[in-house]
*Asks:* 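Sharing a structure below in structure tokens format, with a few things to ask.
The structure presented is a predicted model; accordingly, all values stated were derived computationally and were not measured.
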Amino acid sequence: MTILNAIIQTYMKTGEPVGSRTISKYTDLNVSSATIRNEMSDLEEMGYIIQPHTSAGRIPTDKAYRLYVDRLVTEKTEQVTAMNSLMIAKTNRMEEVLKQLVRMLAANTNYTAMMTSSYKGNKVKFIQLSRLSPKQLLNVVVIEGNVVKNHIIDLDEEISEDQVLKLNLLLNTRLCGLSLAQINLGLISNIKEEAQGHSRIVSEVLDTIADVIRAETDEDMTIYTSGANNIFKYPELSEGSKASELISTLEEKDVLADFVKQTEENDSGIQVYIGDESPVASMKDCSVVTATYELGDGMQGTIGIIGPKRMDYKKVMDNLKTVKATLNEVFGNGTVRRLTGKKEESEDSDGN
């Protein structure tokens with residue numbers, strides 16, 4: 001069907017009947033015009049092409065278009081399926097690696113281990129202002145991951161299509177590719193000045209950007225834990241209600257998530273929280289050692305070990321460094337993609 005495809009594609013471009021010489025000239029078939037004519041004769045008998053008048057070339061029939069479209073749809077569907085499978089494979093790979101690493105940490109240290117992953121530093125991908133009416137705009141902001149936020153801006157004064165076009169050019173030129181942290185007051189001031197009297201529109205666009213990035217950042221933490229049963233190996237942690245309170249913290253995850261956010265905000269490499277230094281009430285009898293990691297595409301997280309105050313700190317820190325090195329080796333090439341699905345995973349080292 002290569003010749004039929006060539007006829008269809010050539011006819012779609014030119015709108016003129018297609019002859020054998022044209023096909024031989026504009027395709028890589030490497031066959032003679034005579035061979036092409038014979039093939040075209042067969043296609044005509046099969047009802048795929050017709051000759052509109054004597055001495056003219058051929059044009060595709062509806063039957064030919066149907067065959068072409070069906071094959072195209074099948075091809076594109078297969079491509080999308082392959083891409084989806086690739087992304088799922090990458091996501092599953094990330095999840096499996098984190099699960100394996102958190103189990104390894106718990107087993108190697110005989111303490112409780114946790115790991116988090118989240119997608120930070122979302123950057124502006126595209127901004128589109130569209131004129132709904134002389135005094136109303138539709139503001140569409142797209143950030144990395146193709147997350148879209150729509151917002152209607154009501155104006156006090158009329159705005160022309162030309163002014164909207166200039167604003168789109170300004171906003172996309174100055175803001176696309178930037179994260180929220182990179183959009184500073186100086187940049188905002190310059191953009192508003194260049195907006196020539198449309199500073200309010202700029203402010204509303206910036207508010208929308210901040211809202212969508214913060215929403216994605218706040219809702220995108222996945223937490224993995226392992227080795228909760230190791231708590232019972234240490235009398236100072238297992239006596240009374242201490243163990244149940246600590247295990248409850250590990251299962252509920254809300255408190256853990258808040259704790260992790262604090263460690264990421266105050267990051268100075270490996271951090272150690274001993275006893276009352278921990279902001280988590282159920283961990284006042286523990287020591288918590290944490291380290292943050294960053295991978296490609298804005299993926300980052302925290303690795304943590306929770307154990308008694310008499311824990312082997314050197315061994316814990318060595319294990320954290322090993323895990324960070326492993327993550328960089330496996331995912332440090334920018335191929336990591338945002339995790340989807342459940343936000344929480346809990347898996348003890350004994351499989352429970």
*Asks:* Let me check something: do Leu165 and Leu167 share a hydrophobic cluster, defined by ILVMFWY side-chain heavy atoms less than 4.5 Å apart, either directly or through other members?
*Replies:* no
*Asks:* One thing to verify: whether Asp285 and Lys242 come together as a salt bridge, which I'm taking to mean a side-chain N less than 4.0 angstrom from a carboxylate O.
*Replies:*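 Result for this pair is yes, salt bridge flagged.
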*Asks:* Assess the residue pair Asn139 and Thr208 against the criterion (side-chain hydrogen bond (donor to acceptor under 3.5 Å, both in side chains)); give the C-alpha distance rounded to whole Å, side-chain angles, the decisive distance to 0.1 Å, and a yes or no.
*Replies:* CA-CA 8 Å; Asn139 171 32; Thr208 303; 3.1 Å; yes
*Asks:* Could you tell me whether Glu44 and Arg58 make a salt bridge, using a distance below 4.0 angstrom between a side-chain N and a carboxylate O?
*Replies:*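 Judged by the 4.0 Å cut-off on N to carboxylate O distance, Glu44 and Arg58 do form a salt bridge.
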*Asks:* Indicate the atoms forming the closest heavy-atom contact of Lys315 with Thr109, along with that distance.
*Replies:*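 Minimum heavy-atom contact is CE-CA, 4.3 Å.
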*Asks:* Minimum heavy-atom separation for Asn230 and Ala106, please, with both atom names.
*Replies:*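 So the minimum-distance heavy-atom pair works out to ND2-O, 3.4 Å.
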*Asks:* Measuring from Ser133:OG to Leu138:CG, what's the distance to the nearest 0.5 Å?
*Replies:* 11.0 Å
*Asks:* So that I can tick it off, tell me whether Asp318 and Lys314 are bridged by a salt bridge, with the cut-off set at under 4.0 angstrom between side-chain N and carboxylate O.
*Replies:* yes
*Asks:* Find out whether Thr225 and Val102 are in side-chain contact, i.e. whether some heavy atom of one side chain is under 4.5 Å from a heavy atom of the other.
*Replies:*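 In short, these two side chains do not touch, never coming nearer than 4.5 Å.
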*Asks:* Ignoring hydrogens and angles, tell me if any N or O in the side chain of Lys324 forms a donor-acceptor pair with the backbone of Thr292 under 3.5 Å.
*Replies:*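 Yes, because the side chain of Lys324 sits within donor-acceptor range (under 3.5 Å) of the backbone of Thr292.
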*Asks:* Taking the six-membered ring for Trp, are Tyr234 and Tyr111 parallel (under 30°), tilted (30 to 60°) or perpendicular (over 60°)?
*Replies:*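 Rings of Tyr234 and Tyr111: tilted, as their planes differ by 30° to 60°.
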*Asks:* If you take all heavy atoms of Leu246 and Ser282, which pair is closest and at what distance?
*Replies:* CD1-O, 3.8 Å
*Asks:* I'd like to know if the side chain of Ser41 reaches the main chain of Arg37, judged simply by a donor and an acceptor atom lying under 3.5 Å from each other, with no hydrogens or angles considered.
*Replies:*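 Checking the backbone N and O of Arg37 against the side chain of Ser41, no donor-acceptor pair under 3.5 Å is found.
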*Asks:* Run the side chain to side chain contact (heavy atoms under 4.5 Å, CB included) test on Leu320 and Ile305 for me, step by step, so that the C-alpha distance in whole Å, both residues' side-chain angles and the decisive distance to 0.1 Å come before the verdict.
*Replies:* CA-CA 8 Å; Leu320 291 180; Ile305 299 292; 4.0 Å; yes
*Asks:* Does any N or O in the side chain of Arg131 come within less than 3.5 Å of the main-chain N or O of Ile159, such that one atom is a donor and the other an acceptor?
*Replies:* yes
*Asks:* Heavy atoms only: give me the nearest Pro17-Ile59 pair and the separation to one decimal.
*Replies:* CA-CG2, 3.7 Å
*Asks:* Return the CD to CG distance between Glu161 and Leu129, rounded to the nearest 0.5 Å.
*Replies:* 11.0 Å
*Asks:* Can you confirm whether Gln51 is buried at CD, in the sense that more than 12 heavy atoms of other residues, nucleotides or ligands lie under 6.0 Å from that atom?
*Replies:*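 For Gln51, atom CD is crowded (more than 12 foreign heavy atoms under 6.0 Å).
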*Asks:* Closer than 3.5 angstrom, by distance alone: can the side chain of Lys192 be matched with the main-chain N or O of Gly197 as a donor-acceptor pair?
*Replies:* no
*Asks:* Dump the intermediate steps for side chain to side chain contact (heavy atoms under 4.5 Å, CB included) on Met311 and Val316, then the final yes or no.
*Replies:* CA-CA 8 Å; Met311 70 163 54; Val316 166; 3.8 Å; yes
*Asks:* Spell out, as yes or no, whether a donor-acceptor pair under 3.5 Å connects the side chain of Thr249 to the backbone of Glu245.
*Replies:*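 Flag set: sc Thr249 to bb Glu245 pair under 3.5 Å.
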*Asks:* Answer yes or no: is there a side-chain heavy-atom contact under 4.5 Å between Tyr48 and Tyr65?
*Replies:* no
*Asks:* Measure the shortest side-chain to side-chain distance between Ile23 and Ile7 over non-hydrogen atoms and say whether it is less than 4.5 angstrom.
*Replies:* yes
*Asks:* Do the non-hydrogen side-chain atoms of Tyr273 and Ser287 ever get within less than 4.5 Å of each other?
*Replies:*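 In short, these two side chains do not touch, never coming nearer than 4.5 Å.
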*Asks:* Taking the side chain from Glu277 and the backbone from Ile274, do they hold a donor-acceptor pair closer than 3.5 Å?
*Replies:*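 Between the backbone of Ile274 and the side chain of Glu277 there is a qualifying donor-acceptor contact (under 3.5 Å).
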*Asks:* Indicate yes or no: at least one non-hydrogen side-chain atom of Val140 is less than 4.5 angstrom from one of Ser130.
*Replies:*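 They are not in contact (no side-chain heavy atoms under 4.5 Å apart), so the answer is no.
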*Asks:* Counting only N and O atoms by type, is there a donor-acceptor contact under 3.5 Å from the side chain of Gln182 to the main-chain atoms of Ser179?
*Replies:* yes
*Asks:* Hey, mind stepping through Leu67 and Lys63 against side chain to side chain contact (heavy atoms under 4.5 Å, CB included) and telling me if it holds?
*Replies:* CA-CA 6 Å; Leu67 178 65; Lys63 183 179 179 180; 6.0 Å; no
*Asks:* Would you say that more than 12 heavy atoms from the other residues, nucleotides or ligands in this model lie under 6.0 Å from the CG of Asp62, or not?
*Replies:* no
*Asks:* Donor-acceptor pair, Thr302 side chain versus Thr116 backbone, under 3.5 Å?
*Replies:* no
*Asks:* Would the number of heavy atoms belonging to other residues, nucleotides or ligands and lying under 6.0 Å from NZ of Lys321 be above 12?
*Replies:* no
*Asks:* Using 0.5 Å steps for rounding, measure from the CE atom of Met115 to the OH atom of Tyr224.
*Replies:*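 So the gap between those two atoms works out to 9.0 Å.
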*Asks:* Considering all heavy atoms of both residues, which atom of Thr112 and which atom of Ala228 are nearest to each other, and what is their separation?
*Replies:* OG1-CA, 3.8 Å
*Asks:* Please check: side-chain N/O of Asn172 versus main-chain N/O of Ile127, any donor-acceptor pairing under 3.5 Å?
*Replies:*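 Yes; judged by distance alone, with no hydrogens or angles, the pair exists.
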*Asks:* Are the side chain of Lys284 and the backbone of Asp276 linked by a donor-acceptor contact shorter than 3.5 Å?
*Replies:* yes
*Asks:* So do the side chains of Leu185 and Leu187 get within less than 4.5 Å of each other, counting heavy atoms only?
*Replies:* no
*Asks:* Should Leu250 and Ile231 count as side-chain neighbours, where that means a heavy-atom distance under 4.5 Å?
*Replies:*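 Yes. Closest side-chain heavy atoms under 4.5 Å.
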*Asks:* Does the side chain to side chain contact (heavy atoms under 4.5 Å, CB included) test come out yes or no for Met104 and Val323, once each step is laid out?
*Replies:* CA-CA 9 Å; Met104 182 197 77; Val323 169; 3.7 Å; yes
*Asks:* Distance check, rounded to the nearest 0.5 Å: His198 atom NE2 versus Leu137 atom CG?
*Replies:*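 Reported to 0.5 Å precision, the distance equals 9.0 Å.
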*Asks:* Hey, what do you get for CG (Leu206) to CD1 (Ile191), rounding to the nearest 0.5 Å?
*Replies:* 6.0 Å
*Asks:* Return the minimal non-hydrogen interatomic distance between Pro60 and Ile49, and the atom names on each side.
*Replies:* CA-CG2, 4.2 Å
*Asks:* Do Glu236 and Arg310 sit within salt-bridge range, that is, some charged N less than 4.0 Å from a carboxylate O?
*Replies:* yes
*Asks:* Is there side-chain contact between Asp156 and Lys135, with at least one heavy-atom pair below 4.5 Å?
*Replies:* no
*Asks:* With rounding to the nearest 0.5 angstrom, report the CG to CD1 distance, Asn190 to Ile188.
*Replies:* 10.0 Å
*Asks:* Are Ile153 and Leu169 grouped together when hydrophobic residues (ILVMFWY) are joined by side-chain heavy atoms under 4.5 angstrom apart?
*Replies:*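 Different clusters.
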